[in-house]
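What follows is a short report on a single structure.
Below, chain A is the first sequence line, B the second, and so on; all start at residue 1. Quick caveat, the model's predicted, so the values are computed rather than measured.
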Number of protein chains: 2
Amino acid sequence: MSDSAPPEVILDHRCSNCPVRHHAICAVLDNQSSHALSDIMVHKQLVPGQPLWSDKDEAHLFAIIVSGTVKLFKMLADGRQQIVGLLFPSDCLGRAYSETQQTFAEAVTNVELCCFPRQQFEHVLTQHPELEHALLEKTLTDLDNAREWMIALGRKTASEKIASFLQQMSRRSELTRCPNHRPTPDLPTFVLPLARAEIADYLGMTMETVSRNLTKLRVDGVIRLIDGQTVEICDADRLASLAEPQ
Amino acid sequence: MSDSAPPEVILDHRCSNCPVRHHAICAVLDNQSSHALSDIMVHKQLVPGQPLWSDKDEAHLFAIIVSGTVKLFKMLADGRQQIVGLLFPSDCLGRAYSETQQTFAEAVTNVELCCFPRQQFEHVLTQHPELEHALLEKTLTDLDNAREWMIALGRKTASEKIASFLQQMSRRSELTRCPNHRPTPDLPTFVLPLARAEIADYLGMTMETVSRNLTKLRVDGVIRLIDGQTVEICDADRLASLAEPQ
DNA sequence: CGTATCGTTGATACCTGTCAATCTTGGTGG
DNA sequence: CCACCAAGATTGACAGGTATCAACGATACG
């Protein structure tokens, strides 16, 4: 370790360049306190389809998503899958205060992670109540979102599920888009991070039904499918009324 | 206020007689600290069907369930309902750190609540990190449970949902049963807190399908319906294999 | 330019929802 | 004590939405 480059400077630099520094839970830490995290941080890169862990693995990892999309999913013995969470930049990955995982986790796109050993992260949590509070707020929001999705899974029709999903993806993309990138002249456009089969696993239906309903929305002029992955919302009002009656 | 009965004694008495004192999140507080909660506590009684709040109401209440069952549910504009949470003794009721509710809440049975004004409860949370930690652990568990239920809603068949539901209720009743009440000679028995239509709203299906599948389990000898609300599990292994293939 | 992967479209079957009738249960009043 | 009634639960007939199975088309990649 050279005396001309003390670790503090390097570590602080790593966080200050972080694109999610002010959106993730670590935002509540001042530069001083953030060293507690940056000291134990390790960066990791994932390629699409790369698993993070299996559902019965020990939970060693806690991470913050810097870029890309991660899916959390569960599986039945016969292979049926259900995606139970989609994680985007600034979201937390990993179950604090549990020795075991209860879901699978897998990169959907290329992913950059800011990783911490779980137990060391928990140690930082106990020493920084403001960080634990931020994690609580995030977890409460996750629970709200999970419950919001439960009414879609249990009570919405296939077409309502698709419309809700597109709304949700559109809203997400607004948040992650650079504010100066899209002033408002043109229609909301975004890239679906999930393949058709994954959308099906998220919505609790089959790939074929997903495809048929996307086609129907396209034919009806509600959306435009630019290249199969890219969606343009032509009629947001109609999409909203399809996502929820009335 | 008389000198012979200082408020501390009265307040402490209220908590020390509480049946969920050692199971709810307040268990992490010592007798000294628990005064911060008992000072702002109000008891409340509810009858079946009594609403706690509506989904767009302001969130004024935070409470711990002392006895009974509470359902959290969402509604679509056309009346379709989905129960997104069932709360039992020692569970928390109310959304900390949010001004608004995102669900309906309603008593299913007679309910006793230990209530706190939400903002005052939050104040206690900030002054007692161990309480906030307990709430975080509880919220993380709630999130795990919500996700576990999502795969049932999205991917399980009607009969699998019913079997899963009965397993879950059976497990719950074991926890709330007095340990000396049921040594083990006879079969696990419990009372369904929910009516058929409510079970349907929990499982994302219709009352009729619930009824048909309960009948099928009865005819097949997996369960015995003692009085429509009381269920005896005759073959727990078969029930388990019906809840999840293999 | 062939091949593999993913997505779309079609035909059919089946599970579950819908609508309706009947049965059961519990409470009330004669 | 019994008849009556209302609410909840069960059962039946039928229809419709979605899954399943299969073929075809599109796209990316070597």
How far apart are the C-alpha atoms of Glu160(B) and Arg80(A), what are their side-chain angles, what is the distance that settles it, and do they pass the salt bridge (charged side-chain N to carboxylate O under 4.0 Å, His left out) test? CA-CA 13 Å; Glu160(B) 288 166 348; Arg80(A) 282 175 283 176; 2.9 Å; yes
Please step through side-chain contact (heavy atoms from CB on, under 4.5 Å) for the pair Val222(A) and Leu239(A), ending with a clear verdict. CA-CA 7 Å; Val222(A) 179; Leu239(A) 189 67; 4.0 Å; yes
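Among the nucleotides dC19(C), dT10(D), dG10(C), the one closest to any side-chain atom of Glu208(B) is dC19(C).
In this model, the phosphate group of dA9(D) is approached by a side-chain N or O of Gln229(B) to a distance below 4.0 Å at OP1 or OP2.
To the nearest 0.5 Å, atom OG of residue Ser159(A) and atom NZ of residue Lys216(A) are 7.5 Å apart. Annotation: the span from Leu192(A) atom CG to Met169(A) atom CE amounts to 8.0 Å, rounded to 0.5 Å. In this structure, Leu153(B) CG and Arg155(A) CZ are separated by 9.0 Å, a value rounded to the nearest 0.5 Å.
Straight-line distance from the CE atom of Met207(A) to the C1' atom of dA23(D): 13 Å, rounded to whole Å. At whole-Å resolution of the value, CG in Leu225(B) and C1' in dA9(D) are 11 Å apart. Taking atom CG of residue Asp78(B) and atom C1' of nucleotide dG17(C), one finds them 14 Å apart after rounding to whole Å. Per the geometry, CG belonging to Leu192(B) stands 16 Å off P belonging to dG8(D), to the nearest Å. Regarding Asp201(A), its CG atom lies at a distance of 11 Å from the P atom of dA19(D), rounded to whole Å.
Residues Arg218(B) and Arg224(B) are not in side-chain contact: their nearest non-hydrogen atoms beyond the backbone lie 4.5 Å or more apart. Residues Lys74(B) and Phe104(B) form no side-chain contact, since every pair of their non-hydrogen atoms from C-beta on lies 4.5 Å or further apart. Side-chain contact between Met205(A) and Ile162(A) is present, with at least one heavy-atom pair separated by less than 4.5 Å.
Summary of the strand contacts: Arg155(A) and Leu194(A) both lie near DNA chain C, and taking for each the nucleotide with the nearest heavy atom, the more 5' one is attributed to Leu194(A).
Counting atom types as modelled, Glu198(A) pairs no side-chain N or O with a base atom of dC6(C) as donor and acceptor under 3.5 Å.
For the 3.5 Å distance criterion, the side chains of Lys156(A) and Ser164(A) qualify, holding a donor opposite an acceptor. Side-chain contact of Ser173(A) with Ser170(A): a donor-acceptor pair under 3.5 Å is absent, judged by distance alone. For the residue pair Gln102(B)/Asp144(A), the side-chain donor-acceptor check at 3.5 Å is satisfied. At a cut-off of 3.5 Å, with distance as the only test, no side-chain donor of Asp57(A) or Ser54(A) sits close to an acceptor on the other residue.
Taken residue by residue, residues 214-222 of chain B places heavy atoms nearer than 4.0 Å to DNA chain D at Thr215(B), Arg218(B).
Rounded to 10 degrees, the angle separating the terminal helix axes of the helix from dC1(C)-dG30(D) to dG30(C)-dC1(D), each built from five base pairs, is 30°.
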Distance-only check: which donor-acceptor pairs under 3.5 Å involve side-chain atoms of residues 58-71 of chain B, not counting sequence neighbours?
| unit_1 | atom_1 | unit_2 | atom_2 | d |
| --- | --- | --- | --- | --- |
| Ser67(B) | OG | Glu112(B) | OE1 | 2.8 |
| Lys71(B) | NZ | Glu198(B) | OE2 | 3.0 |

Distance-only criterion, 3.5 Å: show the donor-acceptor pairs between side-chain atoms of residues 82-94 of chain B and protein atoms not counting sequence neighbours.
| unit_1 | atom_1 | unit_2 | atom_2 | d |
| --- | --- | --- | --- | --- |
| Gln82(B) | NE2 | Asp201(B) | O | 3.1 |
| Gln82(B) | NE2 | Tyr202(B) | O | 3.0 |
| Asp91(B) | OD1 | Lys138(B) | NZ | 3.1 |
| Asp91(B) | OD2 | Phe88(B) | N | 2.8 |
| Asp91(B) | OD2 | Arg172(B) | NH2 | 3.4 |

Protein and nucleotides 24-27 of chain D: nitrogen or oxygen contacts under 3.5 angstrom:
none

Can you give me the N/O atom pairs linking the protein to nucleotides 13-18 of chain D at distances under 3.5 Å, or say none if there are none?
| unit_1 | atom_1 | unit_2 | atom_2 | d |
| --- | --- | --- | --- | --- |
| dT18(D) | OP1 | Ala158(A) | N | 2.9 |

